Amino acid sequence: MSSATTGSAGQGPHFRALLPQPQAEADLAAAYAYPENLTRPWLRANMVASADGGAWGPSGRTRDLSSPPDRAVMGVLRGQADVVLAGAGTARIEGYRPVRPREVWGDLREGRPATPPLAVVTRTLDVHPDLFEAAPPHARTIVLTTESAPAERRKEAARCADVVVAGEESVRPEAVLEALAERGLYRVLTEGGPHLLAEFTAAGLLDELCLTLSPRLLGPEATRIVAGAAPSHTHDLRMEGLLESEGSLFIRYVRG
Ligand SMILES: NC(=O)c1ccc[n+]([C@@H]2O[C@H](COP(=O)([O-])OP(=O)(O)OC[C@H]3O[C@@H](n4cnc5c(N)ncnc54)[C@H](OP(=O)(O)O)[C@@H]3O)[C@@H](O)[C@H]2O)c1
């Protein structure tokens, strides 16, 4: 067990497990391990919400909700993933850049490329150029876009990124997972945002939700972690794990 993935030894935040078994020192890598021997993409979402269900705060970003333990979990989840999937809104607002290796990953990426690529879903391709240009050769950014996207931007992006047309006017959630599977990327981590997540949940494609419940209230204006015009839907979830750190709860749900 490395100090990185315990999240408790050394200087990192301390996590205790409440479920499935109470443990004074939780091992994050073990708590968040993907299923072994996957034969299809496993779609995991990592989201943070306030105690009253809000998904972003007054800054318009998740930093109002996040905390050192939340960032520690995010780091481990990124280290475990084959690909990090985000909507272009999140990439723009949260200032996404290619994933950087973290010392705390320890041996999490043994036998795999040093970092996972980013996959960005977008109609406009209006994202920071570094998202494509600064990606290392082993983790070229994957752009999932539409036939209707501006041709010039698609051509420009294709100089450095892997551009996939995955729908006419709208990228189809199923086509995203198919494109990732074709590239052998099965451990999929989506970090939202709420509009993109709603499309995957509406399509019944979400396998796992890693939810941080942050000890704050945001009031009625904050959107939820699923938002937008996707059709309403209900799905049962089963709680597989529950950790606590510094007053935040870290809940791992899988499809019920
Ligand atoms: N609480 C959390 O855990 C969490 C997580 C992530 C983000 N956030 C917050 O959520 C906000 C952003 O959320 P959001 O829901 O607006 O953003 P989002 O879902 O990340 O991005 C929406 C954008 O993604 C692209 N997109 C989504 N579905 C598409 C489809 N089917 N086909 C083609 N393109 C598609 C479009 O990009 P184009 O406009 O480029 O076409 C769309 O405008 C930010 O404030 C962020 O801080 C919160």
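In this chain, residues are counted from 1 in sequence order. Below, each value reflects all heavy atoms present in this structure, side chains not excepted, and no hydrogens, waters or symmetry copies. Quick caveat: nothing in here was measured; it's all calculated off a predicted structure. For ligands, and for the atoms within them, numbers begin at 1 and follow the listed sequence.
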Just to confirm my output: which protein heavy-atom neighbour is closest to [atom], and how far is it?
atom	answer
atom 37 (O) of ligand 1	A88 CB, 3.5 Å
atom 5 (C) of ligand 1	E191 O, 3.3 Å
atom 3 (O) of ligand 1	V48 N, 2.8 Å
atom 39 (O) of ligand 1	R92 NH2, 2.8 Å
atom 9 (C) of ligand 1	W56 CE3, 3.4 Å
atom 33 (C) of ligand 1	R123 CG, 3.3 Å
atom 27 (C) of ligand 1	E199 OE2, 3.6 Å
atom 16 (O) of ligand 1	H195 ND1, 3.3 Å

Which distance, rounded to the nearest 0.5 Å, do you find between the CG of L206 and the CZ of F200?
->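 Nearest 0.5 Å value for the CG-CZ distance: 9.0 Å.
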Nearest 0.5 Å please: distance from the SG atom of C160 over to the CG atom of L131.
->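 Spacing of SG (C160) from CG (L131) equals 11.0 Å.
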Can you see which heavy atom on L144 is nearest to which on A119, and at what distance?
->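 Where L144 meets A119 most closely, the heavy atoms are CD1-CB, 3.9 Å.
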What closest approach, in Å, do R140 and A135 show between heavy atoms, and which atom pair accounts for it?
->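 So the two residues come closest at CA-CB, 4.1 Å.
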Show your reasoning for whether side chain to side chain contact (heavy atoms under 4.5 Å, CB included) applies to R97 and H128.
-> CA-CA 8 Å; R97 297 292 181 273; H128 196 286; 3.0 Å; yes
Contact bool for atom 42 (C) of ligand 1 (protein heavy atom, d < 4.0 Å) =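 Protein heavy atoms within 4.0 Å of atom 42 (C) of ligand 1 - there are none.
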Can you find an N/O atom of [X] closer than 3.5 Å to an N/O atom of ligand 1?
X	answer
L65	no
N46	no
T146	no
G193	yes
A86	no

Check: T201/H235 side-chain N/O donor and acceptor closer than 3.5 Å =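 On atom types as modelled, these side chains do not qualify, holding no pair under 3.5 Å.
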Kindly determine whether R123 and S170 satisfy side chain to side chain contact (heavy atoms under 4.5 Å, CB included), including the steps that lead there.
-> CA-CA 7 Å; R123 290 182 191 87; S170 201; 2.9 Å; yes
For atom 44 (C) of ligand 1, which of G89, G60, S59 has the closest heavy atom?
->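 Going through G89, G60, S59 one by one, G60 has the nearest heavy atom to atom 44 (C) of ligand 1.
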Closer than 4.0 Å to some heavy atom of [X] - which atoms of ligand 1 meet that?
X	value
T62	1 (N), 2 (C), 4 (C), 8 (N), 47 (O), 48 (C)
R61	47 (O)
E94	46 (C), 47 (O)
A55	1 (N), 2 (C), 48 (C)
S170	30 (C), 31 (N), 32 (N)
L196	19 (O), 28 (N)
M47	2 (C), 3 (O), 4 (C), 5 (C)

Test item, V121 contacting ligand 1 (heavy atom, 4.0 angstrom) =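 So V121 counts as touching ligand 1.
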Compute the minimum heavy-atom distance from E169 to ligand 1 and say whether it is under 4.0 Å.
->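 For ligand 1, residue contact (heavy atoms, under 4.0 Å) with E169 is absent.
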Quick one: do D207 and R40 satisfy side chain to side chain contact (heavy atoms under 4.5 Å, CB included)? Show the steps, please.
-> CA-CA 11 Å; D207 293 297; R40 63 165 179 88; 3.0 Å; yes
Is V83 linked to V171 within one hydrophobic cluster, defined over Ile, Leu, Val, Met, Phe, Trp and Tyr using a side-chain heavy-atom separation of less than 4.5 Å?
->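 Cluster IDs for V83 and V171 match.
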Quick one: do S214 and T212 satisfy side-chain hydrogen bond (donor to acceptor under 3.5 Å, both in side chains)? Show the steps, please.
-> CA-CA 6 Å; S214 172; T212 300; over 6 Å; no
State, with a plain yes or no, whether a side-chain heavy atom of E199 is found less than 4.5 Å away from one of V176.
->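 A side-chain contact under 4.5 Å is absent here.
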Kindly indicate, with the supporting measurements, whether the criterion side chain to side chain contact (heavy atoms under 4.5 Å, CB included) is fulfilled by R159 and E133.
-> CA-CA 9 Å; R159 288 194 306 114; E133 291 166 13; 4.0 Å; yes
For Y96, is the NZ or CZ atom of R78 found under 6.0 angstrom from the centre of its six-membered ring and inside 45 degrees of the ring axis?
->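 Flagged: R78 positioned over aromatic ring of Y96.
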Mind checking who shares a hydrophobic cluster with L65, ILVMFWY linked at side-chain heavy-atom distances under 4.5 Å?
->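 V48, L218, listed by chain and number.
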